[in-house]
Structures are given as C-alpha cells and as structure tokens.
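I have placed the structure first, in the form of structure tokens, so that the comments after it can refer back to it.
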Amino acid sequence: MRALSEKEAPPPSFFPFSSIRAGKTKEGDFMIKEIVLKALAGMGVEADCSASLLTVAGVEVEIPKVQTQGDVSTPVALGLAGVLRKPPRTIAQEIVSAIKAMPQGEMAAFDTIEVAGPGFINFRFKKDYLYEQLRLLYKQRELYLRVDVGRGRRVLIEFVSANPTGPLHVGHGRGAALGNALSNLLQCAGYVVDREFYINDAGRQVRLLGHSVFAAYNTLLGTPYPFPEEGYRGELVEQVAGEIASIDGKRYVGAEFDNCAQHFIDYSYKRMLKEIEEALEAFGVRFDNWQSERVLFDSGMVKGGIDRLRNMGYVYDKDGAVWFKSSELGDEKDRVIIKQDGQYTYFASDMAYHVMKIGRGYDELINIWGADHHGYIPRVKAVLRAEGLQELRYGCTSDKRLTVLLVQMVSLLRDGKPVQMSKRAGEFITLRDVIEEIGADTTKFIFLTRRPDSHLEFDMEAAKRQSSDNPVFYVQYAYARINSIFKKHQTDALSLFIERVDSLDLSCLDTDEELQIIKKLVLYPMTFQSAVKNREPHRITFYLQELAATFHPYYNKHRILTEDNTLTDARLLMCACISIVLKEGLRILGLSAPEWM
RNA sequence: GCCCCCUUAGCUCAGUAGGAUAGAGCACAGGAUUCCUAAUCCUGGUGCCAGAGGUUCGAAUCCUCUAGGGGGCACCA
C-alpha cells in the first residue's frame, strides 16, 4: 500500500469485487476487506492490486484465537503505521470512524467494530446477520461454501505416476491422497481439473521388469535363468511369470530374451499397471487420463520436440550425444537427451510430455512429485522456458504455469521400529496392505493432516491403536450423529425446511455454543479460500476437526429434539447446515461420509 | 563438497502471506449415559518454538551462520 497525495482520487474501478457477488451472498472476509478498503479510500490510501488476484490485496482478515478479540479481525492499521506515519491505533480509529459513518448499511452485519491491542480492528457479527447466513447456507448448499477462484481455468494435475514395475507403496499413497484432494478442492473452486497418471511404459525400467519376469518364467518352468542385475523381485513378479506360463506354456523356455522381450515387457507392465489401478481404486482415487510415455515416442512428439528446440538453438551435439542447453534456462548444467548409444534418456520424453501438456490448452500445470525428484525441477522448467511458455499470464498473479508440489518421504514404522522396505528384493508393505490393515479413510486422513513438505512417520501400530478414536472417525461420527437425529425425527435434513427456511424463527439459537457453531460454518469459505490459494488441502482437514469439536460438546449438552417446536426447528436447521459443511469437506478430502457408524 | 526439505509439549503434528496470551490429537489421572449413537462429553499441564546473531513497532514465521535428521547432485528412471 502507499499513501495517495490529497489530490489524487481513488480510481473508480477500485473494488475488485462488488459487495454482492453474482448470485451469491457476501462472505465474511470479502465484505470486511471491501469495507475497510472503502474506508481507506476515503482516507487517501490505495490498495496495491498487483499483489494477488485472489484477495483484495493489503487487507488481511483473520479469525482471532481468543473470543474476546472479536469474530474476525484485521491488523491492517498496524501495517499502515509506517506508511502514514501515524500511530496504528489512531489509524485504526480513523478507519472505524469512517466505517461507522458509511451511509449504505455497511454496519448492518456488525454488532461492534472496535480498536483493540496495538491497533487491531475487531468485528463482531450481529446475531441476525448470522441467522441470515445460516438460512443462505441451507438454501444454497455447497454453492455457499465454494468461492469461484478458478473461473473456469483449466488445470492439469499429474500425480502418482509410479513406474509400472511393481505395486504401490505408502509414499505413492501420500501423493495419491494429496493429488486427489487437491483436484477435488480446485474443482470446487471453479477450476476445470484433469487428473493424469503418466505411465513410464518405455525405457529401461519396464525392460528390466520384463527381463525379471522372463527369468522367473524360465526358472519356474525348470530352466534356471540368471536373474538380471538390479532386476525386480517379489511375489507379483513370480505371479506374472506364472500367468505367462499358463498362457503360453513352454513356448519361451530357453529362448533369447531379446527375441521375446516385447512380449514379456508388455504383458508384465500392463499387469503391474492393472495392479496399480486396482490399488488406487481401493484407495478411492481415479484418474481422467493415463498418459503413455510410449505414445509420445510413437507419435513422433519426442523427436518433434527435440527438433523444435534445436531450431531455437537450445539443442546441440557433443561427444556423440545430443544435449539440451538447459544451463541457459535456469538449470545448473546441460542435460543429455539422446545418449551416445542412440537411446533417448528419460528426460527426452518428459520434455515432450510437458510441452504436450501445454499444447493441450491447460492454463496451469501441477505436478506432484516425490521429494527425491526435486533436482529434476529446473530442467523441466527450462523446457517450458525455452518454449516461451513460462511467462506470467494472469494479471497480477505471479503464478508460473508449472507448479511442482513435492511430497516428502514416508517412513513406515511398526511400533516405532522402521519396516524394512526393498522394492527390488520384493519385500515391502504395499499401499494395499496398509489400506487393508487400517482402512482407506484413516490412511488418507493421516496423509491429509500433515503438510506435504514435512517428513511423515507412518506408524502402522499407532494408526491401528488409534483407530477406535482416530480423528477421522471423530469427524465422520459428527456427520453420522446428525443423520441419526433426522432419522429419529423421521425427516430429511435437506428437504425438511426447503419451503420455510425464511420463516423459521432462529432467535432461540442464542447460546454461546450455538453462535460459535454458526460462526464456524459461516467462516468456512475463508478456510476454503486459503486452502485453494496455497494448494493445501490439509487446511480443510483441520477445519473439519474444529467444526466437529464444536458440535460434539454441543450435542452432549443440549437436546436437538425438544418439546418446543420452534426451538427444535431452529436446532435442526443448524444441524442440517453442519452436515452440509461436513459432507462438503469430507468429499473434498476424498473421505466417506457415513450415514451410520 | 554443492543444492533442497525438516527441527514447535513425553509422542504424532497444526500454527492461516511477520501480529494480540503458541494450539490440537494421542498418552496419563479423575469424572459423566433412566434422555436424539459413549467412535461422545467434562476437569486436570506441559514449551529456551534446535542454538546464535540480524531485519522492525512486533519473529515459531523473513535473512545469515551453527548443530542434528532426511533427500538429491547420471549419457538411471
């Protein structure tokens, strides 16, 4: 923010959002931002609109930890103290006075607006305003909760993309849970999202898998064959070998691997892919598209991409290999794309893949990778930069077209002791094993209560021990409980009040607990927005726990179904709204919302 | 050697774009149900925010350094 000179009038298009957004209500935070900005405008202060697309920049709105500090609060005056060279409390007081002097009913939502502490401005909602919001929530359902941040922008989220050389492990599960939740989240925020799994079905790894299966096949049929160095072992490899044996019999026994490699490779990786797909299905994660690496080669995209970059001067020959001049594009060194032996590197196809993604018309790309691939980011970004695709495109956002979210390692433990995991030796606990042992919902919840970039200790025994009082059940139980209240009442939560929401008398919802709950519901969009903006679904997870934690004590203390019909209706309406929000949140996280527990 | 991530209560983790008195769950102790589901509720306390400097009105949060843990530095994927 900067101070305007007295003579400069604020531009007419000052407010990025109108007070009542198309077809929707005002939301707590936006409304406050607008009011404060309007007050500031009168004081000659202009907001810096270049900072962000998503927020009315410069005015932060927060929910205070302590109830005595209001329902929502802004520290904006503290930040302005330096600019205006006045004490923050004075500025805050001026803002408050300006708001109170506004003619158009800006105060309608608020009971009090006060200056507190070093210069915070604390707002307290009027009860009637909260009741109105509750009615709106009931009428608008999810629409009340979703904020259209994406505005139809197309996003491609690529995640998991595990090599089809064996089953998924917990680390993949973490990526899957995150990618799934993030996709749901962005969809709710008005993005058009595609979920994609990139299949590494070309190259050395699948060949190695085919070779391993070939060895197991021969050995199984009585002709011992040396197991390839660095090959893949494990039950599944044996099983696949057995399947081939039962289909083809002894046809390939004693053959040269090179003569039947394609058959073994194709059968094996497709089989592994099926396993992967089934595991993801069991985990409740689906993809819109499975992109084959091989297709990139077969369609000439890889070659075409290299030629194009060569024409731009970013590809050169050296030492019998073909190089990408990535060092000029932000990477620390140049990268080989075709090896001396004429083989493409993995990077060659990945390069083509990312160019293709953009070519498909996406506004934004999100890749979810294991943190062990972080060193790979600069070279992929270099490709986009070379193609001129890495430009800023959207007004004041600084978002690059490609965002790589790194998911940190998962250490699998059992009673505090590390579980030995060796993929090549084939001894490890798969994602399926974990789902089977502790459940898909609990597993997802554990992943989604942590920031993706922190290391995760996943203790199987702790997860199971907890599972009777696992936080995920705490949230789901709140949902089930409300459902059960309506069962008892023999009505349906979503249709009960549809004709008469507006005529309900809600003024009896005036206990402290009830007002807390309603505020929590009404402020959901704030959490939602910050989750979207930061690409952090785990914020929803914590919100849901907090919401459940307002409901359970309330349920325990007060009866919903009473002798008093007016009171009962009001409380039922509130419960219906809690249920709507819980369901929305659970859905975003990819968790079930059980009607009964 | 260089680069990235992490270090917050006994344990597992949050901490919202620097803001007010640092929070949950678990574990531990005691208590609550003739009544809508006890997977619930109520009452108990714990912190040198790894350490040291710096930036400023104000730092768990930003910068530098140090220590510890993890990961990466291929003509592998």
Side-chain angles (χ1 to χ4, degrees), chain A residues 51-52 55 60-66 68-69 73 75 78-79 81-82 87-88 116-120 122 163 165 200 203-206 208 230 293 319-323 332-333 335-341 343-347 350 370-378 406 408-409 411 416 446 449-451 453-459 462-463 465-474 476-478 480-489 526-527 529-531 533-534 536 538-539 541-543 545-546 548-549 551-562 568 571 575 596-597:
Chain A
S52 167
T55 62
E60 287 168 50
V61 178
E62 19 181 85
I63 303 169
K65 292 165 226 160
V66 190
T68 56
Q69 295 169 354
S73 171
L78 294 164
F120 290 92
N122 297 338
N163 276 342
T165 52
N200 298 123
R204 185 164 170 268
Q205 298 307 315
V206 282
L208 204 50
E230 301 284 297
E293 179 186 10
D319 302 333
V322 179
W323 296 72
E332 58 182 12
K333 59 194 239 187
R335 305 291 173 178
V336 171
I337 43 186
I338 303 178
K339 297 183 266 182
Q340 281 179 341
D341 63 7
Q343 296 278 314
Y344 287 98
T345 61
Y346 173 80
F347 178 55
D350 219 8
D372 53 343
H373 288 64
H374 85 267
Y376 202 76
I377 297 172
L406 294 178
Q408 277 294 344
M409 304 285 106
S411 320
I446 288 171
T449 40
R450 278 134 174 106
R451 287 200 331 271
D453 62 353
S454 65
H455 299 265
L456 168 55
E457 296 204 350
F458 195 110
D459 193 312
R465 216 179 302 127
Q466 272 183 28
S467 85
S468 60
D469 49 14
N470 189 285
V472 71
F473 295 131
Y474 186 78
Q476 290 175 325
Y477 186 50
R481 257 185 165 172
I482 292 171
N483 183 62
S484 135
I485 296 168
F486 280 93
K487 279 269 158 57
K488 182 83 178 178
H489 192 248
M526 279 183 73
T527 301
Q529 276 193 101
S530 75
K533 195 167 62 177
N534 295 294
E536 290 180 347
H538 75 270
R539 297 185 189 215
T541 319
F542 283 91
Y543 172 90
Q545 291 188 74
E546 288 161 14
F551 171 70
H552 286 305
Y554 173 74
Y555 175 92
N556 217 269
K557 186 169 168 187
H558 301 279
R559 284 195 64 80
I560 313 298
L561 305 177
T562 65
T568 301
R571 289 184 171 172
C575 286
W596 197 263
M597 287 176 74

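Here is the naming used below: chain letters follow the sequence lines, and residue numbers restart at 1 for every chain. Please read these numbers as outputs of a predicted model, since none were measured by experiment. All values below come from the heavy atoms of this structure, side chains included, with hydrogens, waters and symmetry mates left out.
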Fill in: Residue matched to B:A39 through Watson-Crick or wobble contacts both under 3.5 angstrom
none
Practice prompt. If the plane angle is over 60° it's perpendicular, under 30° parallel, otherwise tilted; pick one for A:His489 and A:Phe486.
Written response: perpendicular
Practice prompt. With a 3.5 angstrom cut-off on both distances, give the Watson-Crick or G-U wobble partner of B:A52, or none if there isn't one.
Written response: B:U64
Worksheet item: Do any N or O atoms from the side chain of A:Ser73 and from the backbone of A:Glu62 form a donor-acceptor pair under 3.5 angstrom?
Response: no
Worksheet item: When all nucleic acid strands are considered with a 4.0 Å heavy-atom cut-off, which category describes A:Ser73: base, sugar-phosphate, or nothing?
Response: base
Worksheet entry | hbond_proxy A:His455 side chain to B:G71 base (donor-acceptor, 3.5 Å cutoff) | no
Worksheet item: Quantified in whole Å, what is the C1' atom distance between nucleotide B:C62 and nucleotide B:A17?
Response: 11 Å
Discussion item. Looking only at the side chain of A:Asp453 (C-beta and beyond, no hydrogens), which of the listed nucleotides B:C6, B:A17, B:A74 gets closest?
Written reply: B:C6
Worksheet entry | OP1 or OP2 of B:U16 under 4.0 Å from side-chain N/O of A:Lys533 | no
Worksheet item: With respect to the side chain of A:Asn534, which nucleotide from B:C75, B:A17, B:A20 is positioned closest?
Response: B:A17
Worksheet item: With sugar-phosphate meaning primed atoms plus P, OP1 and OP2, does A:Lys65 contact a base, only sugar-phosphate, or nothing at under 4.0 Å between heavy atoms?
Response: sugar-phosphate
Discussion item. Students often get this wrong, so: under 4.0 angstrom with heavy atoms, is A:His552 touching a base, only sugar-phosphate, or nothing?
Written reply: sugar-phosphate
Item to complete: Would you confirm whether A:His455, through its side chain, and A:Ser411, through its main-chain N or O, come within 3.5 Å as a donor-acceptor pair?
Response: no
Item to complete: With heavy atoms under 4.0 Å as the rule, sort A:Gln69 into base, sugar-phosphate or nothing.
Response: base
Worksheet item: NA contact type, A:Ala549, heavy-atom cut-off 4.0 Å: base, sugar-phosphate, or nothing?
Response: nothing
Practice prompt. Would you mind classifying the nucleic acid contact of A:Phe486 as base, sugar-phosphate or nothing, using non-hydrogen atoms under 4.0 angstrom?
Written response: nothing
Worksheet item: How is A:Asn122 classified with respect to the nucleic acid when contacts are heavy atoms under 4.0 Å: base, sugar-phosphate, or nothing?
Response: base
Discussion item. Looking at B:C2, which nucleotide sits across from it as a Watson-Crick or G-U wobble partner, both distances under 3.5 angstrom, or is there none?
Written reply: B:G72
Practice prompt. Could you check A:Ile485 against A:Leu561 for side chain to side chain contact (heavy atoms under 4.5 Å, CB included), going step by step and ending with a plain yes or no?
Written response: CA-CA 8 Å; A:Ile485 296 168; A:Leu561 305 177; 4.0 Å; yes
Response to the item:
Quick note, A:His374 side chain, CB onward, closest among B:G71, B:U40, B:C36 is B:G71
Worksheet entry | Opposite nucleotide pairing with B:A27, Watson-Crick or G-U, both atom distances under 3.5 Å | none
Fill in: Heavy-atom donor-acceptor pair, A:Gln340 side chain to A:Asp319 backbone, under 3.5 Å
yes
Worksheet item: Within this structure, what is the CD-to-C1' distance between A:Glu457 and B:G69, rounded to whole angstrom?
Response: 10 Å
Discussion item. Under 4.0 Å, heavy atoms only, any strand: does A:His538 hit a base, just the sugar-phosphate, or nothing?
Written reply: sugar-phosphate
Worksheet item: Mind checking the P distance from B:C2 to B:A59? Whole angstroms is fine.
Response: 32 Å
Worksheet entry | Out of B:C13, B:A17, B:C6, whichever nucleotide has its closest atom nearest the side chain of A:Glu60 | B:A17
Practice prompt. Looking at every strand, decide which applies to A:Gly79 at a 4.0 Å heavy-atom threshold: base, sugar-phosphate, or nothing.
Written response: base
Protein and nucleotides 42-45 of chain B: nitrogen or oxygen contacts under 3.5 angstrom:
none

Worksheet item: Roughly how far, to the nearest 0.5 Å, is the NZ atom of A:Lys339 from the OG1 atom of A:Thr345?
Response: 7.5 Å
Fill in: Separation of the P atoms in B:G54 and B:U61, to the nearest angstrom
14 Å
Fill in: B:A38 OP1/OP2 closer than 4.0 Å to side-chain N/O of A:Arg481
yes
Discussion item. Using the side-chain heavy atoms of A:Lys333, tell me which of these nucleotides is nearest: B:A20, B:A77, B:C73.
Written reply: B:C73
Practice prompt. Report the nucleotide, chosen from B:C76, B:U40, B:C6, that has the shortest atom-to-atom distance to any side-chain atom of A:Arg451.
Written response: B:C6
Discussion item. Main chain of A:Tyr346, side chain of A:Asp350: is a donor-acceptor contact present, judged purely on distance under 3.5 Å?
Written reply: no
Item to complete: Output, in order, the C-alpha distance, side-chain angles, deciding distance and verdict of side chain to side chain contact (heavy atoms under 4.5 Å, CB included) for A:Asn200 and A:Gln205.
Response: CA-CA 8 Å; A:Asn200 298 123; A:Gln205 298 307 315; over 6 Å; no
Worksheet item: From the list B:U16, B:C36, B:C75, which nucleotide is the closest neighbour of the side chain of A:Arg559?
Response: B:C36
Item to complete: Answer yes if the side chains of A:Tyr376 and A:Arg335 hold a donor-acceptor pair under 3.5 Å, and no otherwise.
Response: no
Practice prompt. Determine the interatomic distance between P on B:A52 and the same-named atom on B:G15; round to the nearest Å.
Written response: 24 Å
Discussion item. Within the 4.0 Å heavy-atom criterion, would you say A:Glu332 contacts the bases, only the backbone, or no part of the nucleic acid?
Written reply: sugar-phosphate
Worksheet item: Do A:Ile560 and A:Lys488 come close enough that some side-chain heavy atom pair is under 4.5 Å?
Response: no
Worksheet entry | B:C36 and B:U43, which share atom name P, separated by this distance in whole Å | 23 Å
Worksheet item: For A:Ile377 and B:C4, what is the distance between atoms CD1 and P respectively, to the nearest whole Å?
Response: 12 Å
Worksheet, complete the sentence: By nearest-heavy-atom nucleotide on RNA chain B, the more 5' of A:Asn556 and A:Val336 is A:Asn556
Worksheet item: For A:Tyr555 and B:C41, what is the distance between atoms OH and P respectively, to the nearest whole Å?
Response: 12 Å
Practice prompt. Look at the side-chain N and O atoms of A:Ser454 and state whether any lies under 4.0 Å from the OP1 or OP2 oxygen of B:A14.
Written response: yes
Discussion item. Need one value for A:Leu456: base, sugar-phosphate or nothing, where a base atom within 4.0 Å counts as base even if backbone is also close, heavy atoms only.
Written reply: sugar-phosphate
Item to complete: Name the nucleic acid region contacted by A:Asp341, choosing base, sugar-phosphate or nothing; use a 4.0 angstrom heavy-atom cut-off, strictly under.
Response: nothing
Discussion item. Please report the distance separating the P of B:U12 from the corresponding atom of B:G70, rounded so that it comes out in whole Å.
Written reply: 15 Å
Worksheet entry | P spacing across the pair B:A14 / B:U56, given as an integer number of angstrom | 31 Å
Discussion item. The test is side chain to side chain contact (heavy atoms under 4.5 Å, CB included); show your working for A:His538 and A:Arg451 and say whether it passes.
Written reply: CA-CA 7 Å; A:His538 75 270; A:Arg451 287 200 331 271; 3.5 Å; yes
Worksheet entry | C1' atoms of B:C49 and B:G71, separation to the nearest Å | 24 Å
Worksheet entry | Nucleotide nearest A:Arg539 (side chain, heavy atoms from C-beta), chosen from B:C75, B:U16, B:A20 | B:U16
Practice prompt. Go through the steps to decide whether A:Thr449 and A:Phe542 satisfy the test side chain to side chain contact (heavy atoms under 4.5 Å, CB included), and finish with yes or no.
Written response: CA-CA 7 Å; A:Thr449 40; A:Phe542 283 91; 4.3 Å; yes
Worksheet item: B:U40 C1' sits how many Å from A:Tyr554 OH, rounded?
Response: 16 Å
Fill in: Selected nucleotide, minimal atom distance to A:Tyr346 side chain, candidates B:A77, B:G71, B:U12
B:A77
Worksheet item: Any side-chain N or O of A:Tyr474 under 4.0 Å from OP1/OP2 of B:C41?
Response: yes
Item to complete: Under 4.0 Å between any heavy atoms, over every strand shown, what does A:Phe347 touch: base, sugar-phosphate, or nothing? Just pick one.
Response: nothing
Practice prompt. Would you mind telling me which of B:A14, B:G25, B:G15 lies closest to the side-chain atoms of A:Glu536?
Written response: B:G15
Worksheet item: Whole-Å distance between B:C36 C1' and A:His489 NE2?
Response: 10 Å
